[in-house]
Amino acid sequence: MTRNPLRHSLLAILIVLNCSSLWSAPPAQSFDLVITNGHIIDGTGSPWYSGDIGIRDGKVAAIGILADAPRTRTIDAGGKVVAPGFIDMLGQSELTILVDPRLPSKIYQGITTEITGEGGSAAPLNDAIIRADHAGYDHYHITPDWRTFREYFARLEKHGMGINLASYVGATQVRRMVLGDDDKQPTPEQLDQMKALVGQAMQDGAVGVSTALQYAPAPYAKTEELIALAGEASKFGGIYATHMRDEGDRVLSAIDEALRIGREAHIPVEIWHIKVAGKQNWGRMPEVVAKINAARADGVDVSANTYAYPAWFNTMSAFIPPWAHDGGDAKLIERLKDPAMRQRIRKDLMTSSTEWQNEWQEIPGPESVLICVVQNPKLLPLQGKTLSEVARIWNKDPMDSLFDLLIEDNAFTEVAVFGMSEPDVVLALQQPWVSIDNDSEGTSPEGILGQEHPHPRAYGTFPRILRKYVREEKKLTLEDAIRKFSALPAQRMRLTDRGVLKAGMWADLVVFDPATVRDLATFDNPNQLSQGMEYVLVNGVPVIDQGKMTGAKPGKVLRGAGYVP
């Protein structure tokens with residue numbers, strides 16, 4: 001057989017090419033964005049490590065040495081911290097996200113996800129509630145064109161938002177849907193209606209059921225009612241979150257109630273903004289910690305969160321005893337105008353009680369109450385003044401000033417109240433089961449929102465902890481603070497694809513210098529954005545880029561385990 005040299009040469013070349021293709025390295029991954037030279041603090045509490053983070057299609061696609069990987073954009077972290085985006089465990093932005101969906105006050109803190117819905121919630125809604133709450137909607141120029149969570153979430157997704165948002169359904173909300181604002185107990189049929197509303201909200205995407213038991217009409221609900229509603233949420237994998245019935249003299253019995261609800265409804269318990277309120281209770285946080293540690297040791301799934309400031313923030317009408325709220329704000333105003341009723345309210349405020357949390361008895365004095373938000377334009381000059389200053393301006397006694405301010409502002413006024421001690425605040429912050437909440441709506445120094453005088457925590461909570469408690473006072477390590485900001489809340493909220501930096505997770509992350517990050521907001525001048533977040537990414541998209549807000553709205557609605565598409 002005659003050999004064909006050309007044929008054999010071609011065959012040899014093909015064999016060589018085929019072998020080289022078998023043994024060559026796989027093609028390099030390509031990324032939308034690679035963050036290089038970062039000190040990665042992954043959220044678990046582990047020490048930092050060096051590495052690059054590759055992001056593709058909104059998720060962390062790879063962590064490692066990615067120097068040669070093709071990418072659309074590179075961010076050089078320059079030895080700064082790269083960490084998971086921060087999760088605000090109680091955010092209150094359900095209305096303001098419709099005013100300014102970028103939520104500047106949140107993203108400049110590094111917040112990429114908010115959980116909201118404290119007792120009241122954006123839904124369910126009916127015409128009676130909308131009429132009763134018109135002052136709040138009018139204040140923000142919002143038309144509530146939704147009735148269910150499904151409709152509310154659809155509105156959020158249509159308009160876009162700067163961060164991710166999840167919501168509880170409020171026990172107060174479903175009570176008002178069925179019973180209104182009256183001091184009465186549900187019949188079995190009415191309780192079934194309330195449970196059905198909770199079940200529907202869970203299927204619409206709510207993450208659990210919540211209470212705010214200090215604010216009427218919530219105090220009218222008995223524990224058994226709350227167990228029934230929490231039990232309904234439990235069927236859908238929900239959580240029970242609570243602003244407890246008392247955070248002052250009866251704080252331990254309030255914890256007992258929360259633990260009972262958790263046990264009997266078979267549901268995890270989250271205690272919001274854990275505190276011991278009132279000067280007579282300062283120093284009692286060790287008792288609170290011991291009670292929760294004992295419950296956890298006994299198998300109760302209970303945890304808490306804090307904003308780590310010595311002043312709380314709530315509606316000024318919380319000073320008024322629950323009986324005077326029966327029927328809603330309009331009835332409250334009527335009673336404050338009636339001399340006999342007014343005298344009865346005054347007597348109640350002057351008397352210590354085991355029946356309700358009397359904030360008037362908890363504060364050092366009227367100088368401890370700071371007027372923050374009013375609706376009546378005539379009262380705007382009072383924002384930023386204390387109740388004692390208002391009393392001097394009006395030439396009235398402080399309690400009459402409180403009553404008359406509520407009348408003039410249709411019970412809308414919101415206040416900061418200085419009623420906690422710093423050692424108690426620190427001890428709560430240091431507990432391994434305590435995460436972080438803003439307990440403030442997302443806001444902005446501009447527009448309608450910038451006309452308010454909020455609690456500084458609205459702008460400063462997370463950077464303040466990094467500055468004050470990590471860098472300056474060394475009450476926390478940086479790694480543990482990041483864990484409290486990310487993995488711990490994600491674990492509690494069952495956000496299995498967020499809260500930790502690893503491949504496959506959504507790319508919510510922050511880049512900052514721990515030596516310079518800081519809060520600027522103060523009680524005197526709160527409308528100041530925090531500084532130091534150089535990059536904040538939500539679902540892989542920068543909302544802060546080189547320290548500046550981009551205006552992007554890549555946030556998602558995060559729906560609970562019971563969601564039915």
Side-chain angles (χ1 to χ4, degrees), residues 32-33 35 55-60 72-73 75 84-88 90-117 121-123 137 140-146 149-167 204-205 207 438 440-450 458-459 462 485-486 490 493 495 497-499 505-512 527 529-530 533-559 563:
D32 301 322
L33 173 66
I35 300 174
I55 296 167
R56 183 172 56 245
D57 297 331
K59 292 190 173 184
V60 175
T72 303
R73 182 183 176 188
I75 290 175
F86 304 158
I87 298 172
D88 181 355
L90 178 58
Q92 313 280 20
S93 299
E94 53 262 44
L95 291 186
T96 58
I97 199 168
L98 299 173
V99 179
D100 187 344
R102 303 170 303 168
L103 297 182
S105 67
K106 301 275 180 176
I107 60 175
Y108 274 95
Q109 292 182 64
I111 294 167
T112 57
T113 294
E114 171 184 314
I115 320 298
T116 192
S121 51
Y137 297 117
Y140 293 124
H141 307 304
I142 289 171
T143 300
D145 57 359
W146 66 89
F149 265 113
R150 199 170 295 268
E151 292 167 349
Y152 170 73
F153 289 152
R155 175 164 172 174
L156 290 183
E157 290 173 326
K158 179 181 177 182
H159 291 278
M161 48 190 180
I163 65 173
N164 307 307
L165 184 135
S167 182
D204 285 352
V207 293
N438 254 43
S440 287
E441 59 200 22
T443 188
S444 169
E446 305 168 349
I448 302 169
L449 302 178
Y459 286 89
F462 290 78
F485 295 176
S486 55
M493 299 311 303
L495 303 177
D497 52 2
R498 298 178 195 272
M505 308 291 266
W506 285 101
D508 297 340
L509 52 85
V510 295
V511 179
F512 68 94
N527 288 300
L529 298 165
S530 287
M533 289 296 153
E534 296 195 17
Y535 296 90
V536 178
L537 274 62
V538 176
N539 299 310
V541 178
V543 293
I544 300 284
D545 195 327
Q546 299 180 71
K548 293 184 169 47
M549 183 164 58
T550 67
K553 295 182 286 186
K556 298 176 182 291
V557 173
L558 306 184
R559 294 172 173 86
Y563 173 58

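All heavy atoms count here, side chains included; hydrogens, waters and symmetry mates do not. Residues: numbered from 1 along the sequence shown. All figures in this text were calculated on a predicted structure; none of them were measured in a lab.
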List the atom pairs, with distances to 0.1 Å, where a side-chain N or O of residues 538-550 and a protein N or O form a donor-acceptor pair under 3.5 Å, not counting sequence neighbours.
from, atom 1, to, atom 2, distance (Å)
Asn539, OD1, Arg498, NH1, 2.8
Asn539, OD1, Arg498, NH2, 3.3
Asn539, ND2, Asn164, OD1, 2.9
Asn539, ND2, Pro554, O, 2.9
Asp545, OD1, Arg73, NH2, 3.0
Asp545, OD2, Arg73, NH1, 2.7
Asp545, OD2, Arg73, NH2, 3.2
Thr550, OG1, Pro542, O, 2.8
Thr550, OG1, Ala552, N, 3.1

How long is the span from the [atom1] atom in [X] to the [atom2] atom in [Y], to the nearest 0.5 Å?
{"X": "Met533", "Y": "Ile107", "atom1": "CE", "atom2": "CD1", "answer": "11.5 Å"}
{"X": "Phe485", "Y": "Thr112", "atom1": "CZ", "atom2": "OG1", "answer": "12.0 Å"}
{"X": "Tyr137", "Y": "Leu98", "atom1": "OH", "atom2": "CG", "answer": "10.0 Å"}
{"X": "Asn438", "Y": "Ile115", "atom1": "CG", "atom2": "CD1", "answer": "12.5 Å"}
{"X": "Leu495", "Y": "Ile87", "atom1": "CG", "atom2": "CD1", "answer": "5.5 Å"}

Looking at every non-hydrogen atom in both residues, tell me the closest pair between [X] and [Y] and how far apart they are.
{"X": "Asn527", "Y": "Gly450", "result": "ND2-O, 3.8 Å"}
{"X": "Gly160", "Y": "Pro101", "result": "O-CB, 3.2 Å"}
{"X": "Gly85", "Y": "Ser486", "result": "O-CB, 4.0 Å"}
{"X": "Ala166", "Y": "Leu558", "result": "CB-O, 3.3 Å"}
{"X": "Ser167", "Y": "Gly117", "result": "OG-CA, 3.9 Å"}
{"X": "Phe149", "Y": "Ala123", "result": "CE1-O, 3.1 Å"}

[X] side-chain N/O to [Y] backbone N/O, donor-acceptor pair under 3.5 Å:
{"X": "Lys106", "Y": "Asp88", "result": "no"}
{"X": "Gln109", "Y": "Ala458", "result": "yes"}
{"X": "Asp32", "Y": "Asp57", "result": "yes"}

Exercise. Please identify each residue that fulfils side-chain contact (heavy atoms from CB on, under 4.5 Å) with Asp100, with sequence neighbours left out.
Key: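 Once residues adjacent in sequence are excluded, the partners of Asp100 under the side-chain contact (heavy atoms from CB on, under 4.5 Å) criterion are Arg102, Pro104, Ser444, Leu449.
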What residues form a ring pair (Phe, Tyr, Trp, His ring centres under 6.0 Å) with [X], not counting sequence neighbours?
{"X": "Tyr108", "value": "none"}
{"X": "Phe512", "value": "none"}
{"X": "Tyr459", "value": "none"}

Practice problem: Apply the test side-chain contact (heavy atoms from CB on, under 4.5 Å) to residues Leu537 and Leu33: give CA-CA distance (whole Å), side-chain angles for both, the deciding distance (0.1 Å), then the verdict. | Solution: CA-CA 11 Å; Leu537 274 62; Leu33 173 66; 3.4 Å; yes
Exercise. Check the pair Glu114 / Ile97 against side-chain contact (heavy atoms from CB on, under 4.5 Å), numbers first and verdict last.
Key: CA-CA 11 Å; Glu114 171 184 314; Ile97 199 168; over 6 Å; no
Practice problem: Apply side chain to side chain donor-acceptor pair (under 3.5 Å) to Thr96 and list each qualifying residue two or more places apart in sequence or on a separate chain. | Solution: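 Partners of Thr96 by the side chain to side chain donor-acceptor pair (under 3.5 Å) criterion come out as none, since no residue qualifies.
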Quiz item: Do Met161 and Leu103 come within less than 4.5 Å of each other through their side chains, counting heavy atoms only?
Solution: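 Sidechains of Leu103 and Met161: no contact.
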Quiz item: So do the side chains of Met493 and Val207 get within less than 4.5 Å of each other, counting heavy atoms only?
Solution: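 SC-SC contact between Met493 and Val207 confirmed.
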Practice problem: Would you check, one step at a time, whether the test side-chain contact (heavy atoms from CB on, under 4.5 Å) holds for Ser93 with Thr116? | Solution: CA-CA 7 Å; Ser93 299; Thr116 192; 5.7 Å; no
Quiz prompt | Geometric class of the Phe86/Phe462 ring pair [parallel <30°, tilted 30-60°, perpendicular >60°] | solution =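 Aromatic pair Phe462/Phe86 classed parallel.
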Practice problem: Using the side-chain contact (heavy atoms from CB on, under 4.5 Å) rule, take Leu509 and Tyr535 through it: C-alpha gap first, then chi angles, then the decisive distance, then the call. | Solution: CA-CA 8 Å; Leu509 52 85; Tyr535 296 90; 6.0 Å; no
